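For clarity, every value in this text was computed on a predicted model and none was experimentally measured.
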Amino acid sequence: SQNARVMVVGQAPGASEGKLGYPFGGDAGGRLFKWLGRAGWEENAFRETHYITSVTKCFPGTNPRGGGDRVPTAAEQRLCRQWLDAELALVKPEVILPVGILAIRVFYDTGVKLAEVVGESKIDPAGRLLVPLPHPSGASRWLNDPRNAGRLEQAIFLLRIIRIEKNL
């Protein structure tokens, strides 16, 4: 929705998104929408009323070492940045959910770590509320640390409070 008050920003489309024709449609999307469901959002309603995009706009290919999709290069990110900036300017979201470290670093310092920001929120210079989430495809490894699982629980709790307080 162009009038969305919430924007999810992921890393890049995955192979399943190209086949399905919508973002976060694969296994990672299933996990993401379980998290959002725990915050009170139903997937279909969320997709209809909120905006989902990514840092880069094309599937970067599979990781040559295995283990999922290749991380977009810095050059690929720079090439696509104008489109993300245009989406942000057009939609003007109140709340941004950067998903995964690549998306988080668009809105935070480039050296920031997941453990420093997941479970926290902040207002960015444009006045938008940022609530970072780990990337659901790699979350199982990151969540093996109980402290990180607690950070994700805190992020889901924050999202639930924000959704209620802002009537999202």
Side-chain angles (χ1 to χ4, degrees), residues 1 4-72 77 80 84 87 91 93 95-108 112-122 128-164 166 168:
S1 171
R5 295 171 59 204
V6 177
M7 180 182 279
V8 174
V9 180
Q11 174 174 292
S16 60
E17 282 77 7
K19 293 175 188 164
L20 296 170
Y22 55 90
F24 284 103
D27 291 341
R31 284 190 280 296
L32 174 64
F33 280 101
K34 282 183 184 172
W35 297 346
L36 294 176
R38 291 177 42 218
W41 279 298
E42 189 274 325
E43 180 176 352
N44 290 334
F46 188 94
R47 287 183 182 280
E48 288 176 15
T49 58
H50 300 300
Y51 197 94
I52 305 173
T53 190
S54 56
V55 173
T56 60
K57 307 305 179 188
C58 300
F59 174 55
T62 57
N63 186 334
R65 292 183 226 133
D69 300 343
R70 179 178 63 76
V71 175
Q77 293 173 56
C80 292
L84 178 59
E87 289 171 306
V91 176
V95 179
I96 298 175
L97 311 179
V99 178
I101 196 66
L102 190 139
I104 290 168
R105 288 178 175 164
V106 167
F107 302 97
Y108 289 78
V112 73
K113 294 179 173 37
L114 282 175
E116 296 170 344
V117 296
V118 172
E120 305 291 328
S121 64
K122 81 169 193 174
R128 304 170 297 210
L129 181 62
L130 303 174
V131 184
L133 296 170
H135 197 284
S137 68
S140 60
R141 289 186 299 273
W142 189 76
L143 292 173
N144 285 339
D145 183 329
R147 294 171 296 185
N148 294 340
R151 290 177 177 101
L152 175 60
E153 291 305 313
Q154 179 63 26
I156 291 168
F157 176 77
L158 283 171
L159 289 173
R160 186 177 319 123
I161 298 300
I162 292 162
R163 184 187 57 76
I164 292 167
K166 292 185 172 285
L168 302 170

Colleague: If we ignore hydrogens and angles and just use 3.5 Å, is the side chain of R31 paired with the main-chain N or O of P136 as donor and acceptor?
Modeller: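 Checked: pair present.
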Colleague: Taking only residues two or more places apart in sequence, or in another chain, which ones meet R5 in a side-chain hydrogen bond (donor to acceptor under 3.5 Å, both in side chains)?
Modeller: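 Applying side-chain hydrogen bond (donor to acceptor under 3.5 Å, both in side chains) to R5 gives E94.
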Colleague: Is R151 salt-bridged to E116, cutoff N-O under 4.0 Å?
Modeller: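 The answer is no: the pair does not qualify as a salt bridge.
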Colleague: Looking at CD of E48 and CD of E43, how far apart are the two atoms once the value is rounded to the nearest 0.5 Å?
Modeller: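 E48 CD to E43 CD: 11.0 Å, rounded to 0.5 Å.
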Colleague: Are the side chains of L133 and L159 in contact, using a 4.5 Å heavy-atom criterion?
Modeller: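 A side-chain contact exists here, since the closest heavy-atom pair is under 4.5 Å.
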Colleague: Determine, stepwise, if the pair M7 / I52 fulfils side-chain contact (heavy atoms from CB on, under 4.5 Å).
Modeller: CA-CA 6 Å; M7 180 182 279; I52 305 173; over 6 Å; no
Colleague: For the pair W41 and F46, name the ring-plane relationship: parallel under 30°, tilted 30 to 60°, perpendicular over 60°.
Modeller: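 Plane angle over 60°, so perpendicular.
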Colleague: Under a 3.5 Å distance rule, please check whether R38 uses its side chain to pair with a backbone N or O of R160 as donor and acceptor.
Modeller: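 Side chain of R38 to backbone of R160, a donor-acceptor pair under 3.5 Å: no, none is there.
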Colleague: Indicate the atoms forming the closest heavy-atom contact of T49 with A45, along with that distance.
Modeller: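 Looks like OG1-O, 2.8 Å.
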Colleague: State, with a plain yes or no, whether a side-chain heavy atom of V95 is found less than 4.5 Å away from one of K166.
Modeller: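 V95 reaches K166 side chain to side chain.
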Colleague: Could you go through V9 and V106, starting from their C-alpha distance and side-chain angles, then the distance that decides it, and tell me whether this counts as side-chain contact (heavy atoms from CB on, under 4.5 Å)?
Modeller: CA-CA 9 Å; V9 180; V106 167; 5.8 Å; no
Colleague: Is a side-chain donor-acceptor pair under 3.5 Å present for E17 with Y22?
Modeller: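 No.
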Colleague: So P134 and V118, do their side chains get closer than 4.5 Å, heavy atoms only?
Modeller: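 Yes, side chains in contact.
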Colleague: How about V6 and Y51: do any of their side-chain heavy atoms sit closer than 4.5 Å?
Modeller: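 Side chain of V6 against side chain of Y51, heavy atoms only: no contact under 4.5 Å found.
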Colleague: Got a second to check how far L143's CG is from L152's CG, nearest 0.5 Å?
Modeller: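 Taking CG in L143 and CG in L152, the distance rounds to 5.5 Å.
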Colleague: Distance from H135 atom NE2 to D69 atom CG, nearest 0.5 Å?
Modeller: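 That separation rounds to 8.0 Å.
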Colleague: Mind checking the CG-OG1 spacing from L84 to T56? Nearest 0.5 Å is all I need.
Modeller: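 These two atoms lie 10.0 Å from each other.
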Colleague: Using side-chain heavy atoms (C-beta onward) and a distance below 4.5 Å, is L102 in contact with Q77?
Modeller: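 Yes; the side chains approach each other to less than 4.5 Å.
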Colleague: Do we get K122 above Y108's six-membered ring, with its NZ or CZ under 6.0 Å from the centre and within 45° of the axis?
Modeller: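 Yes, a cation-pi geometry holds between K122 and Y108.
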Colleague: Shortest non-hydrogen contact from A115 to W142?
Modeller: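 Residues A115 and W142, closest heavy atoms: N-CZ2, 3.8 Å.
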Colleague: Could you tell me the separation between the CG atom of L36 and the CZ atom of R47, rounded to the nearest 0.5 Å?
Modeller: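 L36 atom CG to R47 atom CZ measures 9.5 Å (nearest 0.5 Å).
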Colleague: Rounded to the nearest 0.5 Å, what separates atom OG in S54 from atom CD in E87?
Modeller: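 These two atoms lie 7.5 Å from each other.
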Colleague: So, applying side-chain contact (heavy atoms from CB on, under 4.5 Å) with R105, which one of V112, V117, V55 is it?
Modeller: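 Exactly one option meets the side-chain contact (heavy atoms from CB on, under 4.5 Å) with R105, and it is V112.
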Colleague: Please tell me if the side chains of P146 and N148 come closer than 4.5 Å, counting only heavy atoms from C-beta onward.
Modeller: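 Not touching, per the 4.5 Å side-chain cut-off.
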Colleague: Does Q11 reach the main-chain N or O of P72 with its side chain, forming a donor-acceptor pair under 3.5 Å?
Modeller: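 It does not hold such a pair.
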Colleague: With a 4.5 Å heavy-atom cut-off, do C58 and P13 have their side chains touching?
Modeller: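 They are not in side-chain contact.
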Colleague: Would you check if V8 and V99 make a side-chain contact, meaning some heavy-atom pair closer than 4.5 Å?
Modeller: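 Counting from C-beta outward, V8 and V99 do come under 4.5 Å.
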